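For reference, the structure is listed below as structure tokens.
The structure displayed is predicted, hence computed values, not measured ones.
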Amino acid sequence: MKVMVLLISLIFLFMFLTGCDSDTGCSSCNDETCPNKASSQGASGGKFTGAKGEVKILTLDPGHFHAALVQKFMYDQVDPTVHVYAPAGADVEDHLKRIEGFNTRDENPTQWNEVVYTGEDYLEKMIAEKKGNVVVISGNNLKKADYIKACVEAGFNVLADKPMCIDADGYQTLLEAFDIAKKKGVLIYDIMTERSEITSVLQRELVHMPEVFGEQLTGTPGEPAIVNESVHHFFKFVAGSALKRPGWFFDTTQQGEGIVDVTNHLVDLISWGLLPDQAVSYDKDIKLVAAKRWPTVMSKEEYCVVTHLDDFPDYLKGNLDDQGNLLCYANGQINYTIKGINACAKVLWNYKAPEGAKDTHYAIFKGSKADIVIEQGADQDYRPELYVEAKAPDAAWEAALKKAVDDMAKEWSGIALEKQGERWWITVPDKYRVGHEAHFGEVTERFMKYLVDGKLPDWEVPNMKTRYALTTESLKLAKESN
């Protein structure tokens, strides 16, 4: 008994001298092996298990509405208390208003408890306090790569909105962050919501059915065999309200040009659709052919409406034309080959959609037997629809298409085939059309599964590196070509 008492006394003495608190964790302990150290992994022995509330979210400097969309719904695995660290100002205030809107809505309200710290040392405070294990980052893109690196160095997992970097310097920082994350045993994952869109999912399925699609054509730079294009609008409605954008959103040195921003989704859909679950190397598999950029012209009045500001900030004054309009380089196009296939990713930003119009998406994979096409225009009531356009249809091919759709319907019940003029329309039930905002929840759930697995799929990190290499190199080429 005396030996036991002596042993316990020595343990408490050690904890006192090293600053280790058995109840709160070793916030000041530098020994990574200490069993009481506040873990940036899971709540149980440093490993995520899928247990209720074990994911503890930290929201870092939320400046984009996507940060709030991660919390549009509750998750059993996520603790309802979320710690927010940010500089004081409109960005964090707007974020909290969005969360409050989710908490107070009539249908399926959330129950988030936001604990907020604002101050110039917000990043250092978050790292020192270690109140969570997953950092959500969606805001000023110029800071994002540095944020990600600092977070993984501190042992946090990171769920980041795209783009994770917007220039060559940021790309090098991101590469360093991936190396650190591997050594620390934490994950970095960017939010590729478009993989959750049902028409994109079904398009990928059909592209890999040779009896319907045939072989992937190679195309040419002038007539690419794969095209992914999207049109967006600065003024839009999100969650039922007119979207207020930060003033810096229109400064491409902070937000990033269109060619390094939305094109991440488009480039991702091309490789994800063409080479599912395969790693793609920038040096071996990608050849950048051409890139260009051009501005969206915005008046002072338009800028003030969407930002709620009274004038252009000083940092934008150098981007005004002779008439006092803002030149925002939000538009871009990348032509490249992926394993010899000519592809094109193109993003367009208008100020505001025409009456009744919305954002649009167009995607095509060209095969030897048929093209698989997504359209989202006026004819589709601005809802993405999937079509199959045959090159030389005969009875055997039509039978193969019908069988393919019947087979897919075993997983996605209710999808059907309908002839529409010279092409076939894959009809999709409304139950699968959850919308862009809900896709953030689906990506978050995937990420939580990867946390339990302890790793991302083997191809994810190589493809993130390749994607950001392509977009940042494209920006460099586009600027040189202007």
Side-chain angles (χ1 to χ4, degrees), residues 18-22 24-60 70 75-79 82-83 85 123-138 144-162 164-165 170-192 277 279 281 443-468:
T18 59
C20 179
D21 183 338
S22 63
T24 61
C26 307
S27 59
S28 60
C29 175
N30 292 320
D31 183 3
E32 294 295 330
T33 66
C34 176
N36 289 312
K37 185 172 180 62
S39 174
S40 65
Q41 297 291 313
S44 173
K47 177 175 173 57
F48 288 98
T49 64
K52 184 178 179 66
E54 71 177 351
V55 173
K56 301 182 188 302
I57 290 179
L58 306 169
T59 304
L60 177 60
V70 170
Y75 315 86
D76 286 342
Q77 197 178 339
V78 178
D79 191 300
V82 174
H83 291 264
Y85 296 85
L123 178 59
E124 293 80 5
K125 188 77 169 179
M126 183 191 77
I127 291 172
E129 291 189 341
K130 283 190 177 292
K131 295 288 187 180
N133 44 37
V134 171
V135 182
V136 172
I137 304 175
S138 179
K144 202 172 284 179
D146 289 328
Y147 280 164
I148 293 169
K149 182 180 177 182
C151 287
V152 296
E153 282 180 331
F156 296 116
N157 298 280
V158 173
L159 180 61
D161 191 26
K162 61 80 202 153
M164 294 198 291
C165 64
Y171 177 64
Q172 291 305 314
T173 301
L174 185 61
L175 290 181
E176 294 171 10
F178 277 120
D179 288 341
I180 295 167
K182 184 176 181 180
K183 294 174 183 176
K184 293 278 187 175
V186 294
L187 307 184
I188 301 171
Y189 192 53
D190 63 351
I191 302 175
M192 291 289 101
D277 304 337
S281 164
V443 174
T444 302
E445 288 176 341
R446 282 200 294 271
F447 183 58
M448 289 190 291
K449 176 185 179 299
Y450 299 149
L451 291 174
V452 174
D453 293 342
K455 67 184 187 70
L456 300 176
D458 292 341
W459 51 272
E460 282 280 17
V461 171
N463 287 10
M464 281 188 275
K465 292 179 180 179
T466 295
R467 181 161 19 98
Y468 287 107

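- A donor-acceptor contact shorter than 3.5 Å links the side chain of Lys130 to the backbone of Ala154.
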Q.
For a side chain to side chain contact (heavy atoms under 4.5 Å, CB included) check, start with the C-alpha distance between Leu58 and Glu129, then their side-chain angles and the critical distance, and finish with the verdict.
A. CA-CA 11 Å; Leu58 306 169; Glu129 291 189 341; over 6 Å; no

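- Considering NZ of Lys162 and OG of Ser138, their distance stands at 8.0 Å, rounded to 0.5 Å.
- A donor-acceptor pair is defined here as one N or O able to donate and one able to accept, closer than 3.5 Å; no such pair exists between the side chain of Glu460 and the backbone of Pro457.
- Under the 4.5 Å side-chain criterion, counting only non-hydrogen atoms from C-beta, Val134 is not in contact with Phe156.
- In terms of the salt bridge (Lys or Arg N to Asp or Glu O under 4.0 Å) criterion, residue partners of Lys455 (sequence neighbours excluded) are, by chain and number, Asp458.
- For residues 146-161, the set of pairs meeting the salt bridge (Lys or Arg N to Asp or Glu O under 4.0 Å) definition, not counting sequence neighbours, comprises Lys149-Glu176.
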Q | From CA spacing to verdict: side chain to side chain contact (heavy atoms under 4.5 Å, CB included), Leu187, Val158 | A | CA-CA 6 Å; Leu187 307 184; Val158 173; over 6 Å; no

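- Two residues are said to be in side-chain contact when any heavy atoms from C-beta on lie closer than 4.5 Å; Leu159 and Ile137 fail this criterion.
- The two atoms that bring Val152 and Ala181 nearest to each other are CG1-CB, 4.0 Å, heavy atoms only.
- Tyr147 contributes atom OH, which lies 6.5 Å from atom CG of Leu123 (distance to the nearest 0.5 angstrom).
- Scanning for side-chain hydrogen bond (donor to acceptor under 3.5 Å, both in side chains) contacts around Lys182 gives an empty result, with sequence neighbours left out.
- Counting only heavy atoms from C-beta outward, the side chains of Phe178 and Ile148 never approach each other to under 4.5 Å.
- Taking 4.0 Å as the cut-off between side-chain N and carboxylate O, Asp79 and Lys56 count as a salt-bridged pair.
- Asp179 pairs by the salt bridge (Lys or Arg N to Asp or Glu O under 4.0 Å) definition with nothing, not counting sequence neighbours.
- Proximity of Leu60 to Met126: side-chain heavy atoms (C-beta onward) are separated by under 4.5 Å at one or more points.
- For Asn463, the side chain to side chain contact (heavy atoms under 4.5 Å, CB included) test picks out Ala279, Val280, Trp459, with sequence neighbours left out.
- Checked against side-chain hydrogen bond (donor to acceptor under 3.5 Å, both in side chains), Tyr75 has no partners two or more places apart in sequence or in another chain.
- For the pair Glu54/Gln77, a side-chain contact is recorded, criterion being any heavy-atom separation below 4.5 Å from C-beta on.
- Shown here are the salt bridge (Lys or Arg N to Asp or Glu O under 4.0 Å) partners of Lys144, two or more places apart in sequence or in another chain: there are none.
- With Lys47 contributing its side chain and Val452 its backbone, the two residues share a donor-acceptor pair below 3.5 Å.
- Not one N or O on the side chain of Asp453 forms a donor-acceptor pair closer than 3.5 Å with the backbone of Met448.
- Annotation: the span from Ile180 atom CD1 to Leu175 atom CG amounts to 11.0 Å, rounded to 0.5 Å.
- Inter-residue side-chain proximity for Met464 and Leu456 is flagged as met; some heavy-atom pair is nearer than 4.5 Å.
- A salt bridge does not link Glu445 with Lys449: none of the charged nitrogens is closer than 4.0 Å to a carboxylate oxygen.
- Inter-residue side-chain proximity for Gln172 and Cys165 is flagged as unmet; no heavy-atom pair is nearer than 4.5 Å.
- For Lys52, there are no salt bridge (Lys or Arg N to Asp or Glu O under 4.0 Å) partners, not counting sequence neighbours.
- Residues meeting the ring-ring contact (aromatic ring centres under 6.0 Å, His included) test with Tyr189, sequence neighbours left out: Phe447, Tyr450.
- Here the side chain of Tyr468 pairs a donor or acceptor atom with the backbone of Met164 at under 3.5 angstrom.
- Looking only at side-chain heavy atoms (C-beta outward), Val55 and Leu451 come within less than 4.5 Å of each other.
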